[in-house]
2 protein chains.
Amino acid sequence: MPSEARSPAAPDSGAPSAAPTAAKTRVVEAALALFAEHGIAGTSLSMIADAIGVTKAAVYHQYPAKDGIVVAVAEAVLAGLEQVVSAAETERSRARAREVLVDGMVDLAVEQRHMAGILQRDPVMLRFLAEHGPFRRVMQRVNRVLMGGAADPAARVLAATLAAAIAGAVVHPLAEGLDDATLRVQLRRRLRRLLPRR
Amino acid sequence: MPSEARSPAAPDSGAPSAAPTAAKTRVVEAALALFAEHGIAGTSLSMIADAIGVTKAAVYHQYPAKDGIVVAVAEAVLAGLEQVVSAAETERSRARAREVLVDGMVDLAVEQRHMAGILQRDPVMLRFLAEHGPFRRVMQRVNRVLMGGAADPAARVLAATLAAAIAGAVVHPLAEGLDDATLRVQLRRRLRRLLPRR
DNA sequence: GTCTATAAATCGATAGAC
DNA sequence: GTCTATCGATTTATAGAC
């Protein structure tokens with residue numbers, strides 16, 4: 001079951017360990033926007049500090065290293081994804097689970113177009129996703145549902161195509177001018193055609 | 001008409017201005033591999049120099065600034081794309097042109113999985129594509145064919161989805177273990193389903 | 001074309017005052 | 001929680017010898 005009442009001693013797997021302070025939240029939000037525009041490697045702590053309006057030292061007081069900020073951003077991005085995949089996993093059929101997950105991922109990606117790009121496109125983030133256990137577990141659950149229970153090349157390519165299309169389409173220049181509602185509807189409809197006939 | 005016989009005084013729009021020297025080629029190849037792994041912002045001139053086995057100064061002698069290397073890499077990547085889109089544009093029907101372009105883009109992306117990722121995913125490269133005229137023109141031609149002559153939201157999302165799916169799927173972790181032939185076949189087949197019925 | 005050496009700026013990160 | 005000030009490493013880039 002998902003965490004609900006916050007008992008103090010809850011290990012809580014790999015979730016954001018505690019309620020983040022306002023200062024921490026400001027750092028993560030600024031970092032998220034800058035990561036999306038310049039990439040993680042292209043974003044310095046000075047840039048983050050300037051965006052918030054404080055000095056580097058103040059940022060370091062919240063996160064002892066840049067890696068910590070990257071982890072926090074990853075947690076923020078993956079929190080939504082974890083919720084969506086959990087919902088999908090409760091569906092009865094695998095086909096229906098995949099549809100629910102795709103729709104949920106589209107919603108997430110469209111609502112916060114920033115995040116989608118970072119998550120699956122930044123080389124630094126990809127390394128974090130591969131190395132940090134909790135992140136990898138979420139991605140494995142996503143991939144499993146997207147593959148629909150199979151593991152053959154066709155299923156792998158389908159899952160890779162779905163994930164890449166969602167994350168990439170919402171930040172594509174051609175989608176930039178579209179409003180959220182239009183983009184969501186069109187993208188959902190288009191991706192449906194990608195799924196196996198039921 | 002596309003350039004054919006290389007007359008010495010040909011302005012040649014925005015193509016790689018001359019035959020690159022061997023040293024220049026080494027720089028571009030090393031940079032391409034490093035950009036793909038670490039991102040452009042995450043790749044320093046020292047890394048490029050070390051990969052070739054020379055010093056930074058030697059690299060600077062070939063390209064007066066890091067931007068120059070990025071442009072050269074972009075030219076190398078876009079050269080293939082330009083060829084594919086030119087071939088597609090000679091097709092009679094728009095539907096057929098789109099199929100040819102998608103197949104060609106899949107071939108390019110699979111053959112050189114490095115390049116695909118860089119081209120449409122690196123924030124620095126995206127800025128170059130948007131700002132440099134010659135690059136933007138190629139991308140416009142690609143987008144026009146992918147949209148199939150229309151410009152409505154449905155066509156835009158289709159084009160964005162196709163481009164994102166191709167570039168993203170080939171570098172997705174799930175596709176990493178697949179051999180080129182399998183990936184190409186599966187990806188072509190899957191993307192066909194994305195196209196409008198004819 | 002490549003090297004050594006170095007300048008100038010910026011990077012991530014730390015110490016200590018308030 | 002934020003600041004000033006600073007360290008050491010690394011970055012882009014240049015000068016000049018070979």
Side-chain angles (χ1 to χ4, degrees), chain A residues 16-76 118 122-128 131-132, chain B residues 16-74 76 118 122-125 127-128 131-132:
Chain A
S17 34
T21 67
K24 271 189 160 68
T25 303
R26 278 197 299 273
V27 170
V28 170
E29 283 175 357
L32 188 53
L34 288 167
F35 287 174
E37 186 175 353
H38 305 283
I40 296 176
T43 300
S44 71
L45 289 178
S46 307
M47 293 164 70
I48 298 175
D50 288 352
I52 310 175
V54 298
T55 61
K56 279 190 298 178
V59 176
Y60 270 103
H61 184 258
Q62 307 299 332
Y63 293 98
K66 192 184 177 183
D67 282 6
I69 303 180
V70 176
V71 171
V73 168
E75 282 171 349
I118 297 172
D122 194 289
V124 178
M125 185 59 77
L126 287 176
R127 192 156 303 179
F128 265 90
E131 289 172 0
H132 276 29
Chain B
S17 36
T21 66
K24 272 189 159 66
T25 304
R26 278 197 299 273
V27 170
V28 170
E29 283 175 357
L32 188 53
L34 288 166
F35 287 174
E37 186 175 353
H38 306 284
I40 296 177
T43 301
S44 71
L45 288 180
S46 307
M47 294 164 69
I48 298 175
D50 288 352
I52 311 175
V54 298
T55 61
K56 283 186 296 179
V59 176
Y60 270 105
H61 184 258
Q62 306 300 333
Y63 293 98
K66 192 184 177 183
D67 282 5
I69 303 181
V70 176
V71 171
V73 168
I118 298 173
D122 195 290
V124 178
M125 184 60 77
R127 190 158 304 181
F128 265 91
E131 288 173 0
H132 279 322

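As the structure is a computational prediction, the values presented were derived from the model and not from experiment. What you see below is based on every heavy atom in this structure, not just the backbone, and it leaves out hydrogens, waters and symmetry mates.
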Please lay out, stage by stage, how B:Y63 and B:V71 fare under the test side chain to side chain contact (heavy atoms under 4.5 Å, CB included).
-> CA-CA 10 Å; B:Y63 293 98; B:V71 171; over 6 Å; no
B:I69 and B:V59: CA distance, side-chain angles, deciding distance, side chain to side chain contact (heavy atoms under 4.5 Å, CB included) verdict = CA-CA 9 Å; B:I69 303 181; B:V59 176; 3.8 Å; yes
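With sequence neighbours excluded, the residues that form a side chain to side chain contact (heavy atoms under 4.5 Å, CB included) with A:A76 are A:V28.
For the pair A:I48 CD1 and C:dT10 P, the computed distance is 17 Å after rounding to whole Å. A:Q62 places its CD atom 15 Å from the P atom of C:dA13, with the value rounded to the nearest Å. Per the geometry, OH belonging to A:Y63 stands 14 Å off C1' belonging to D:dG1, to the nearest Å. What separates NZ of B:K24 from P of C:dT2 is a distance of 11 Å, to the nearest Å. Across the protein-nucleic acid pair, A:I52 atom CD1 and D:dG1 atom P stand 12 Å apart, rounded to whole Å.
Aromatic ring orientation, A:H132 versus A:F128: perpendicular (interplanar angle above 60°, classes split at 30° and 60°).
Separating the CZ atom in B:R127 from the CG atom in B:D122 is a distance of 10.5 Å, to the nearest 0.5 Å.
No donor-acceptor pair under 3.5 Å is formed between the side chain of B:K56 and the backbone N or O of B:S44.
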Let me have a per-nucleotide readout for nucleotides 4-18 of chain D, 5' to 3', with B, S or -, counting only protein heavy atoms under 4.0 Å.
-> B------SBBBB---
